[in-house]
Q: 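Pasting in a structure now, in structure tokens, and then I'll have a few things to ask.
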Amino acid sequence: MAERRATDASGSPRTNAEWLGIFGTDVDPEHGDHFPNQYDAAAVWHPTTREARSIPLIRDETENLFCSGHNILADGRVFFTGGDVTGADPAQGIDSTYTFDGTLDPTADPYDPWAFSGEMAGGERWYPTNTTLPDGTVQIVSGATILEPYTINDSTELYLPATGTFELRSPQEFQHMYPWMHLLPDGRVLASGQEAQARVWDPGSDTWENIGEPRTFDRVYGSASLLMVDGRNATSDADVLVVGGCEGRDSARCCVDALVTDQFDGCDMPDPEPGSELWSCSATAEVLTGISAGVPAWVTTGEMDYSRGHPIATLLPTGEVLVTGGESNDCTAPPYAELFDPDSREFSPVAPYVSAYRGDYHTSAILLPDGSVLISGGDIDSLDEDGPTAMIYRPAYLDLACCSQPKVSVSETEWTYAATAEIGVDTVEIDHFVLMRPGAMTHDINMDQRGVRLGEFDVVASGEGGGTFTVGTPLNAALAPPGHYLLFAVSSEGIPSAATFIHLTAGSCDEATCQSPPEPSCQDEATARNYAGTGACFEGSCQYESTLETCTGPVNAAAYCEAGTCVWTCPEGMYDCVDGCCIDVAEGESAILGAGEHIFTEPVSV
């Protein structure tokens, strides 16, 4: 394979990108710089001081959060769904949910940052996906109820943080765990994988719909990223990049098991020969385009240098996507990451890894506030005992030989939609501003990963020390769901600033203002969904509980849901009666009515 060299905006090689191998295997209370090398431990790590501290686990020792779904709520708490029954063999999902509050004082006695948030309405889930919706509710889909026999939870449900309740929605048809879900600018939710057929869920009508033709194959254990969204365009493009992956769940999982145990027996594979291919994973990638325009289509991009199963696609503030980790078809680890350019739709290699660190199954990659990327984890038994369990990637844009990294400041960190915000930068040479949603990363999926480019800006003051800019905030919550974001200023040289956090909400609300519930909808052909007239407020958004009504009618009538309302009709040749039945009336004859009876010629609500 011919070597390609990554280049920066000027065409120079990206040789100035670098990896920092900085972490050992255990939490070290004296020196920090360490991550726990075990499943049954947790730690909080600070990206500036690079110090870690152990934190307690959830109190219920019969279950754990291994392979749970998670996202960051609009108020900053981390929300976990599902997980694993402790010690279960085969693995079994749980229906519990928890929140983690990182603002609590760790010196408090007792210190317990975990809060039980209730049981999911859809039952047990192991490997589910969480997605934040425009009103701050959380969509929860998929996950296995039990691993053997492999059984997927096909229910869709919502979590309402304002009330702490869960509500079922129309079921889905996923056959894989951890589906790749993305909130679209029109408020629908896209499932881009792992299956080849993309589909969207419309929260208004509570319906799932296939869109476009299926792509080339199911990318099992691949990865996906929503590309940059235009925050000032309600009909913004919402292209999605999918990378790598394998043609078949069994072979993919088998390769990982073989790496962990060094045993290929039972995998329906021979012992590996040097350079032999043990599974069928891909170096290809595709972009789903045209969703907002109503003409969705998969477009093949340039190929990566290496086939990758279990890669991670991390969106950078420049709009590029860093693809890290994974295993190639001979179960070896690619020696370097690759960078996707959304304009050329080509990949280019970046600096080699700092060590033989694999970055395989159970790896995480998170964008840090300084613009670098933290990569950590992996299957424990496949890690080098003496090597790092985490690394930091410093992209070429952080090589500051030519220019300095911009510095941003904001006097107001509380932002609202369709407004303007004032930002101070120590240079006036700014190309654009961007909001990056903090990651919620596990395995090959970053739940809620999102970048939102802000609108046109004006320089309202400038001098030798830089300038003050006014910039348009995102138009609505479908473009940027409520919550915390990293604000980056990207210079005209393509260098992102170190970020500062802002909090984006719909403003303020209370019981008096939450009086506009969604329109009733049909859960299915025979069930109507009705919303409470008064909602509860959560971080500036009104959330409304709903109830289901099973449609019924008189004897002999056909009852059904239409436009959110239960209606019924009598069969042809029968009249509708108030005494609870449909009666036969011979053609040309009049109905003989008893006292108090009345004939309806139109369907009536029941």
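Treat the numbers as computed from the prediction; the structure is a model and nothing was measured.
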Q: Using only atom types and a distance under 3.5 Å, with no angle test, would you say the side chain of Gln194 pairs donor to acceptor with the backbone of Met177?
A: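 Pair found, side chain donor or acceptor close to backbone of Met177.
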Q: Does one side chain, of Trp201 or Asp206, offer a donor that lies under 3.5 Å from an acceptor on the other?
A: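 Yes, a side-chain donor-acceptor pair sits under 3.5 Å.
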Q: Can you tell me how the ring of Phe80 sits relative to the ring of His70, calling it parallel under 30°, perpendicular over 60° and tilted otherwise?
A: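 If you compare the ring of Phe80 with that of His70, the planes turn out tilted.
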Q: Which atom pair, heavy atoms only, marks the closest approach of Leu241 to Phe340?
A: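 Residues Leu241 and Phe340, closest heavy atoms: CD2-CD2, 3.7 Å.
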Q: Can you check whether Asp101's main-chain N or O pairs, donor with acceptor, with Arg77's side chain at less than 3.5 Å?
A: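 No, Arg77 side chain to Asp101 backbone: no donor-acceptor pair under 3.5 Å.
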Q: With side-chain contact (heavy atoms from CB on, under 4.5 Å) as the criterion, how do Ile58 and Leu65 come out once you've worked through the C-alpha distance, each side chain's angles and the decisive distance to 0.1 Å?
A: CA-CA 8 Å; Ile58 58 175; Leu65 301 181; 4.0 Å; yes
Q: Do the side chain of Thr62 and the main chain of Asp60 share a donor and acceptor less than 3.5 angstrom apart?
A: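 Absent.
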Q: Hydrogens and angles aside, do Arg453 and Ser236 bring a side-chain donor and acceptor to less than 3.5 Å of each other?
A: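 Not at all, the side chains of Arg453 and Ser236 share no donor-acceptor pair under 3.5 Å.
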Q: How many angstroms lie between atom CE of Met181 and atom CD of Gln139, to the nearest 0.5 angstrom?
A: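 Between Met181 CE and Gln139 CD, I get 4.5 Å after rounding to 0.5 Å.
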Q: Can you confirm whether more than 12 heavy atoms, excluding those of Gln197, are under 6.0 Å from its CD atom?
A: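 Counting neighbours around CD of Gln197, more than 12 heavy atoms of other residues, nucleotides or ligands fall under 6.0 Å, so yes.
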Q: Quick one: do Ser142 and Tyr127 satisfy side-chain contact (heavy atoms from CB on, under 4.5 Å)? Show the steps, please.
A: CA-CA 7 Å; Ser142 192; Tyr127 286 64; over 6 Å; no
Q: Quick one: does Glu167's side chain have a donor or acceptor within less than 3.5 Å of a partner on Ser546's backbone?
A: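 Checking the backbone N and O of Ser546 against the side chain of Glu167, a donor-acceptor pair under 3.5 Å is found.
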Q: Please determine which of Cys522, Cys566, Cys551 meets the disulfide bond (SG atoms under 2.5 Å apart) test together with Cys561.
A: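 The disulfide bond (SG atoms under 2.5 Å apart) with Cys561 is passed solely by Cys522 among Cys522, Cys566, Cys551.
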Q: Dump the intermediate steps for side-chain hydrogen bond (donor to acceptor under 3.5 Å, both in side chains) on Arg125 and Ser155, then the final yes or no.
A: CA-CA 10 Å; Arg125 299 181 189 270; Ser155 66; 2.7 Å; yes
Q: Is the ring pair Tyr159/Phe79 parallel, tilted or perpendicular, if the boundaries are 30 and 60 degrees?
A: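 The arrangement is parallel - the two ring planes meet at less than 30°.
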Q: Applying side-chain hydrogen bond (donor to acceptor under 3.5 Å, both in side chains), run through Arg219 and Thr284 and close with a yes or a no.
A: CA-CA 10 Å; Arg219 292 181 178 271; Thr284 66; 2.9 Å; yes
Q: As a test of understanding, state which of Thr363, Thr314, Ile366 forms a side-chain contact (heavy atoms from CB on, under 4.5 Å) with Met441.
A: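 The passing option is Ile366.
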Q: Out of curiosity, Trp180 CH2 to Thr131 OG1, how far, rounded to the nearest 0.5 Å?
A: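 Reported value, rounded in 0.5 Å steps: 14.0 Å.
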Q: I'd like to know if the side chain of Gln449 and the backbone of Leu315 have a donor-acceptor N/O pair within less than 3.5 Å.
A: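 Yes, because the side chain of Gln449 sits within donor-acceptor range (under 3.5 Å) of the backbone of Leu315.
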Q: Can you tell me if Thr473 uses its side chain to pair, donor with acceptor, with the backbone of Ala418 under 3.5 Å?
A: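 Confirmed, Thr473 side chain pairs with Ala418 backbone.
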Q: Within the structure provided, determine whether Glu213 and Trp298 are in side-chain contact (heavy-atom separation under 4.5 Å).
A: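 In short, these two side chains do not touch, never coming nearer than 4.5 Å.
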Q: I would like to know whether Glu119 and Thr97 meet side-chain hydrogen bond (donor to acceptor under 3.5 Å, both in side chains); could you show each step before the answer?
A: CA-CA 6 Å; Glu119 296 176 349; Thr97 64; over 6 Å; no
Q: Can any side-chain N or O of Glu63 pair as donor or acceptor with the backbone N or O of Gly82 at less than 3.5 Å?
A: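 No: the side chain of Glu63 does not pair with the backbone of Gly82.
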Q: Taking Gly507's backbone N and O only, do any of them form a donor-acceptor pair with Thr505's side chain (distance below 3.5 Å, no angle check)?
A: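 At least one qualifying donor-acceptor pair exists.
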Q: With rounding to the nearest 0.5 angstrom, report the OG to CZ distance, Ser170 to Arg529.
A: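 The OG atom of Ser170 sits 7.5 Å away from the CZ atom of Arg529.
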Q: For the atom pair CD (Glu519) and OG1 (Thr565), what is the distance rounded to the nearest 0.5 Å?
A: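 Those atoms lie 9.0 Å apart.
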Q: Give me the one residue out of Thr413, Val434, Leu454 that meets side-chain contact (heavy atoms from CB on, under 4.5 Å) with Leu487.
A: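 So the option named by the test is Leu454.
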Q: So how far is it from Tyr178 OH to His443 NE2, rounded to the nearest 0.5 Å?
A: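 Those atoms lie 5.0 Å apart.
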